[in-house]
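As structure tokens, the structure follows; a few thoughts come after it.
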Amino acid sequence: MKNFWRSTATTALTVGIAALFGPAAAQAETPQYGDELRIVVGSKIPSYDGHIESTFGMIHPIRPFYSLLIRVNPDNPSSPTDFVCDVCEGDVPAATDGGTKYTFKIRDDVKFHDGTPLTAHDVKATFDKIAFPPEGIASNRQAYFKTVESISAPDDRTVVFKLKNPTGTFLPSVAMPYNFIYAKKDLDAHGYTWHQKNINGSGAFKFVEHVPGSHVKGTKYEGYHHKGQPYLDGYTAISAPKMSVRLQAIRGGQADIEFRGFPPKARDDLVKALGDDITVQESDWNCVLIVTPNHKVKPMDDPKVRKALSLAIDRKGGSQYLSKIAIVKTVGGVVFPGHPLAATEDELKQLAGYGDDIEANRAEAKRLLKEAGHENLKVTLHNRGVDQPYKVVGTWLIDQWKKIGVQADQWVQPTTPFYATLRKKKDFTISLDFNCQSIVNPIADISKFLPGAGNNYAEFQDEQLIKWYDELLAEGDQAKQREIIRKYEKRVLDELSSQFITLWWYKINPHRSYVKGWKIAPSHYLNQALDNIWIDQAEKKRQLGG
């Protein structure tokens, strides 16, 4: 599996670079020290606490202040299995005791920015907060550590994770970029919510300032434990909610890079305007837009209605059309397309809405609506007030549903009330939602479709799905995992149509060609430590003057 992913990532990167600069540009270059990176960020910072947040609006400006226990290899970030130590030493440990014990040795040269040495007790306190938070303390990824029985620190340099059973999801879960290592003394002295408004990390950059609505600034941490890094003197993350502003900032030389991704036309406009001054990296994206019906609201309590709405969607045709104007592209099921655990094309065709004959699909959809007594169905699609890809895909969905006689319109809300509707008010009939993950980790990723999961807003219960998911967590054989996922996927997308997939996202990162060292990953959350980035200052001067 490791070789498969490495090949895919290398191909995508090589094509992107070679298309613009030829083979010479792909040769290794010597990093240069100095200068600052200017990032444009299209969202706000809800808090500084990685353990409770899930947005690029936080991870892009704040991640460089923190270290992790392990992380994706910054030179091979597209791989879901290539992990390297960050504050641990040597190689990432293999499991012992039949796959139920992981022992990490912690480096003795890591310090927090306030000068406090980082020890195994800080790592234990951090993962205790994530995996076993006290009542009333939120932890967004607590479910990812369901198999962890205990965490111990027998001395200053040893951390031991004891698992209930062997699982392939443990290391990817530990390597998640949101698992910032916090100082135990900060947690003990200030409590578990202190990090929402305060920063004391051990990452490559030290916090300088945050001016809300304007920018976050960081400066080089001279005591950083990865010797010789970072190369930059500092960075500024500029708040720019409008995509047109971010685009013009890069085009005009006021910013160097945007890490989330631009749509195809923006890429083409930048390449046309800047030529060799812009580099484009592209990748499949572990992010997918989902249609979520509210099962507690009529007529979405009827599986025939839900299935009809899925059958109406022309996913293949939509891929061809939308991939020209939006950051979506790939047709897939619940698992990241191309992964060994994902459905093949033939397997997908067995699911509602994935067959080749769209007219037959829509005829079946009309039959189901008639049988359900909803031939003249009217629906309002709840949507997020973000153009890419939410509003673009939402508008396309409405057109798809009109083709089976459904009258549909959109109710668009800004991000904060959008989430309030999904999480608290639940006053929607059917809504767009997303499943965006960091490291490709299918068994953890598909927990999004599990009834009762904290981020599942479909408001339903199904004992069969829960049973299969528990079997999946305890199964170590990949072939058997694949069999269970196929049953789970058919239950979600076909039998219940409890939620349904639109299209998977496609990541396009154009950046100024003097930005070096950064490699794209299949997630906009990954590879954001900034310690491997450097600026070709002669090339920057050639492009921007000064």
Side-chain angles (χ1 to χ4, degrees), residues 1-2 50-52 54 68-72 80-83 85 88 92-104 120 123-135 137-154 158-181 286 334-336 339-341 435 437-456 463-485 487-489:
M1 186 168 76
K2 188 173 182 176
H51 301 177
I52 66 170
S54 300
L68 309 175
L69 177 55
I70 63 174
R71 59 176 174 170
V72 295
T81 57
D82 190 358
F83 304 120
C85 271
C88 56
V92 173
T96 58
D97 290 13
T100 61
K101 183 179 178 183
Y102 287 85
T103 303
F104 295 86
V123 177
K124 170 180 161 47
T126 291
F127 280 94
D128 278 342
K129 177 176 182 288
I130 295 170
F132 312 115
E135 187 174 350
I137 297 298
S139 171
N140 269 19
R141 280 154 285 276
Q142 181 181 5
Y144 288 36
F145 295 92
K146 284 178 67 174
T147 56
V148 175
E149 184 173 277
S150 65
I151 306 167
S152 60
T158 306
V159 174
V160 179
F161 289 80
K162 181 66 179 170
L163 309 187
K164 298 171 186 172
N165 53 266
T167 173
T169 69
F170 175 70
L171 287 178
S173 297
V174 173
M176 284 190 171
Y178 291 98
N179 296 339
F180 299 164
I181 301 297
N286 193 15
V334 298
V335 174
F336 183 61
H339 191 279
L341 291 177
N435 190 21
Q437 302 291 343
S438 53
I439 296 162
V440 177
N441 183 5
I443 294 175
D445 295 349
I446 65 172
S447 65
K448 170 73 177 179
F449 303 96
L450 196 63
N455 60 348
N456 187 321
E463 293 303 319
Q464 185 63 72
L465 279 176
I466 293 171
K467 177 176 178 291
W468 281 334
Y469 194 75
D470 286 342
E471 289 177 7
L472 192 59
L473 288 176
E475 179 57 66
D477 181 82
Q478 190 178 75
K480 293 179 180 175
Q481 290 172 351
R482 199 175 187 286
E483 289 178 12
I484 297 170
I485 290 177
K487 293 189 293 185
Y488 180 93
E489 182 175 60

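We number each residue from 1, following the sequence as shown. In this text, all values refer to a predicted model and were calculated from it rather than measured experimentally.
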For [X] versus [Y], what's the shortest heavy-atom pair and its separation?
| X | Y | result |
| --- | --- | --- |
| P80 | P172 | O-CG, 4.5 Å |
| C88 | I70 | SG-CG2, 3.6 Å |
| E489 | V334 | OE2-N, 2.9 Å |
| A479 | D477 | N-OD2, 3.1 Å |
| L472 | Q481 | CD1-O, 3.6 Å |
| V148 | F170 | CG2-CE1, 3.9 Å |

Check whether any side-chain heavy atom of [X] lies under 4.5 Å from a side-chain heavy atom of [Y], and answer yes or no.
| X | Y | result |
| --- | --- | --- |
| V335 | I446 | yes |
| L171 | Y102 | yes |
| F449 | Y469 | no |
| L68 | F180 | yes |
| T103 | P93 | no |
| D97 | K162 | yes |
| F132 | S139 | no |

Is [X] reaching over with its side chain to a backbone N or O of [Y], donor-acceptor style, under 3.5 angstrom?
| X | Y | value |
| --- | --- | --- |
| D445 | N441 | yes |
| N456 | S447 | no |
| K164 | A474 | no |
| R482 | P340 | yes |
| N455 | N140 | no |

From [atom1] ([X]) to [atom2] ([Y]), nearest 0.5 Å:
| X | Y | atom1 | atom2 | value |
| --- | --- | --- | --- | --- |
| T167 | K146 | OG1 | NZ | 11.5 Å |
| L163 | I151 | CG | CD1 | 10.0 Å |
| L69 | M176 | CG | CE | 14.0 Å |
| R141 | Q437 | CZ | CD | 8.5 Å |
| L341 | Q478 | CG | CD | 5.0 Å |
| F83 | T81 | CZ | OG1 | 6.5 Å |

Parallel, tilted or perpendicular, as decided by the 30° and 60° cut-offs, for the rings of F104 and F161: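 Rings of F161 and F104: perpendicular, as their planes differ by over 60°.
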Worksheet item: How are the rings of F127 and F145 set relative to one another: parallel (under 30°), tilted (30 to 60°) or perpendicular (over 60°)?
Response: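 Judged by the thresholds at 30° and 60°, the geometry between F127 and F145 is perpendicular.
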### Query
Do NZ/NE/NH1/NH2 and the carboxylate oxygens of K487 and E483 come within less than 4.0 Å?
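Between E483 and K487 there is no salt bridge, as every charged N stays at least 4.0 Å from the carboxylate O atoms.
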Less than 3.5 Å apart, any donor N or O on the side chain of K124 or S152 sitting next to an acceptor on the other?
no
